[in-house]
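No hydrogens, no waters, no symmetry mates; every other heavy atom, side chains included, goes into these values. Both counts, for ligands and for their atoms, begin at 1 and track the order of listing.
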Amino acid sequence: MKAWRASVLYFADPAQAVLETDGLLVVGPDSAGRQVVQAVGSYSALAPRFPGLDITHLPGRIIAPGFVDMHIHYPQLDVIGSPAEGLLPWLENYTFPHESRFSDAAHSTEVASFFVDELLRHGVTTALAFATSHPASVNALLGEAQRRKLRMIAGKVLQDQNSPDGVRDDTEQGLIDTEALISRWHGVDRLGYAITPRFVPSCSEAQLRGAGQLAARYADVWIQSHVAENKDEVAWVKELYPQARSYLSVYEQFGLLRPRAVYAHCIHIDDEDRALMRSTGTAAAVSPTSNLFLGSGFFDYLGADRTGFLYGLASDVGGGTSFSPFHTMLAAYYVGREGQTKAGVSLSPQQLWWQHTGGAARALGLEGVVGNLVPGCEADFVILNPQATPLLARKTAQAGSLDELLFALIVLGDDRVIEQVVISQAKSASGP
Ligand SMILES: [Zn+2]
């Protein structure tokens with residue numbers, strides 16, 4: 001067993017953070033050999049229970065759960081920051097040309113390696129990621145995540161229509177490839193597979209139906225897609241499915257709403273859609289930097305909480321503008337405050353932090369596995385330096401409460417705050 005002595009941040013309840021200012025985090029193997037949290041609490045109370053422990057002392061530092069990113073596109077690493085007039089021109093002019101290069105395994109591996117390192121550099125230890133329509137792109141990402149022992153979920157994009165040559169797949173072959181990738185990767189080490197229809201307009205009815213059949217056959221596999229990001233996109237879906245009650249209901253008719261189904265954006269939806277999200281256990285990946293960058297709209301937090309469906313935060317790189325969870329949490333605060341298109345709300349710092357850690361894990365069906373530092377959780381955590389910049393040091397020194405401390409980090413923080421990332425190491429099966 002190993003232990004770290006520092007300030008330790010964890011969640012006692014949803015959005016209820018605890019900061020042990022002189023805390024101890026004890027990590028050791030569980031019965032399956034995974035490194036998990038064995039105990040967390042004050043140093044003075046816990047230290048006598050673990051005599052002879054190997055303790056790393058980090059005065060002035062904060063240990064916090066690794067961040068969980070609910071929606072990100074790894075092949076869009078080089079699309080980040082591309083100028084475009086909204087979602088559909090951005091897809092056509094930047095995204096699809098970049099994604100077409102991932103038929104090449106060497107290119108996929110080079111980008112995947114950089115991408116995973118960039119996630120870690122920003123303190124993101126779990127992500128639900130889109131690859132491209134090419135199976136090689138999934139093998140590259142999950143292979144790189146496996147080498148680093150990360151918990152990562154990814155899927156090959158299904159898009160057999162309204163997509164240019166180079167990224168469009170074949171209806172049947174796309175489904176065959178999906179099932180083969182599930183067999184190869186899902187549940188291997190810390191990896192998971194997500195059935196990944198890009199969005200309604202890019203998939204034929206036959207492909208959506210096949211995706212739903214796979215989702216029924218493999219109930220613990222994830223589903224990831226997009227819904228109601230942008231008004232032009234919503235109008236397009238209305239043309240394709242004039243009988244459907246809403247965009248979201250198209251996914252329902254193909255069996256694609258269920259626990260472990262995660263839909264990015266969920267902006268232009270109504271209360272009936274929200275009730276459908278709740279009743280099916282479907283989660284939203286709120287992507288505020290992307291929504292602000294592409295001018296898509298504002299996620300209605302009060303609407304979500306009124307209905308009570310699951311949601312968490314996501315970077316949505318490359319529509320999103322940053323890998324940094326701090327930037328994403330700050331953008332979520334802006335989106336919450338916006339009060340012209342929906343009711344505005346001032347999200348609390350603890351609520352923002354929860355959305356990117358324990359809340360995101362809960363929305364992914366991984367509560368108690370990642371996103372928190374309570375006993376039993378896998379030991380993925382970040383070591384934060386609240387003095388990382390002169391202004392941050394000045395501001396955090398004046399913090400009179402946990403909310404003030406967390407909000408200073410959210411507003412002023414970036415990758416410089418992430419001093420170290422620790423990943424849960426499973427006992428090697430073949431090791432000595
Ligand atoms: Zn996306």
Side-chain angles (χ1 to χ4, degrees), residues 68-82 84 86-99 102 111-112 115 118-119 124 126-133 137-138 141 152-159 162-163 167 194-203 211 222-234 236-237 247-248 251 256 261-269 282-299 311-323 325 327-328 331-332 335 355-356 360 363-364:
V68 177
D69 190 330
M70 287 186 67
H71 178 75
I72 187 166
H73 299 253
Y74 100 83
Q76 294 176 18
L77 179 74
D78 297 320
V79 178
I80 195 167
S82 297
L87 171 68
L88 302 177
W90 176 83
L91 282 171
E92 186 180 327
N93 296 330
Y94 290 100
T95 304
F96 290 151
H98 272 276
E99 292 196 6
F102 286 74
V111 176
F115 171 85
E118 191 68 5
L119 284 179
V124 177
T126 293
L128 172 60
F130 269 56
T132 65
S133 58
S137 70
V138 175
L141 177 59
M152 178 75 64
I153 309 160
K156 172 214 126 52
V157 175
L158 295 163
Q159 52 179 126
N162 293 319
S163 307
V167 295
I195 299 164
T196 308
R198 182 167 211 118
F199 67 147
V200 163
S202 73
C203 298
W222 282 267
I223 299 166
Q224 60 179 343
S225 190
H226 302 89
V227 73
E229 174 174 6
N230 161 298
K231 287 186 174 170
D232 293 343
E233 173 209 10
V234 173
W236 192 7
V237 173
Y247 185 168
L248 186 73
Y251 291 117
L256 290 165
V262 176
Y263 286 83
H265 311 304
C266 303
I267 294 170
H268 305 287
I269 61 173
T282 300
V286 182
S287 307
T289 71
S290 172
N291 300 153
L292 294 170
F293 181 69
L294 292 170
S296 302
F298 302 88
F299 181 78
Y311 61 84
L313 281 175
S315 66
D316 192 27
V317 163
T321 50
S322 177
F323 278 77
H327 292 173
T328 300
V335 163
Q355 284 180 45
H356 224 341
L364 288 172

Atoms of type N, O or S from protein under 2.8 Å of the Zn ion (ligand 1), total 4
With sequence neighbours left out, the residues meeting ring pair (Phe, Tyr, Trp, His ring centres under 6.0 Å) with H73 are H71, F130, H226
Assert yes or no for the condition that the ring centre distance of F199 to Y247 is strictly below 6.0 Å. no
Stepwise, does the side chain to side chain donor-acceptor pair (under 3.5 Å) test hold for D316 with S290? CA-CA 6 Å; D316 192 27; S290 172; 2.7 Å; yes
For T321, which residues count as a side-chain contact (heavy atoms from CB on, under 4.5 Å) partner, sequence neighbours excluded? T289, F293
Counterpart residues, ring pair (Phe, Tyr, Trp, His ring centres under 6.0 Å), relative to Y263 (two or more places apart): Y251
Residues S202, N162; criterion side chain to side chain donor-acceptor pair (under 3.5 Å); working and verdict: CA-CA 5 Å; S202 73; N162 293 319; over 6 Å; no
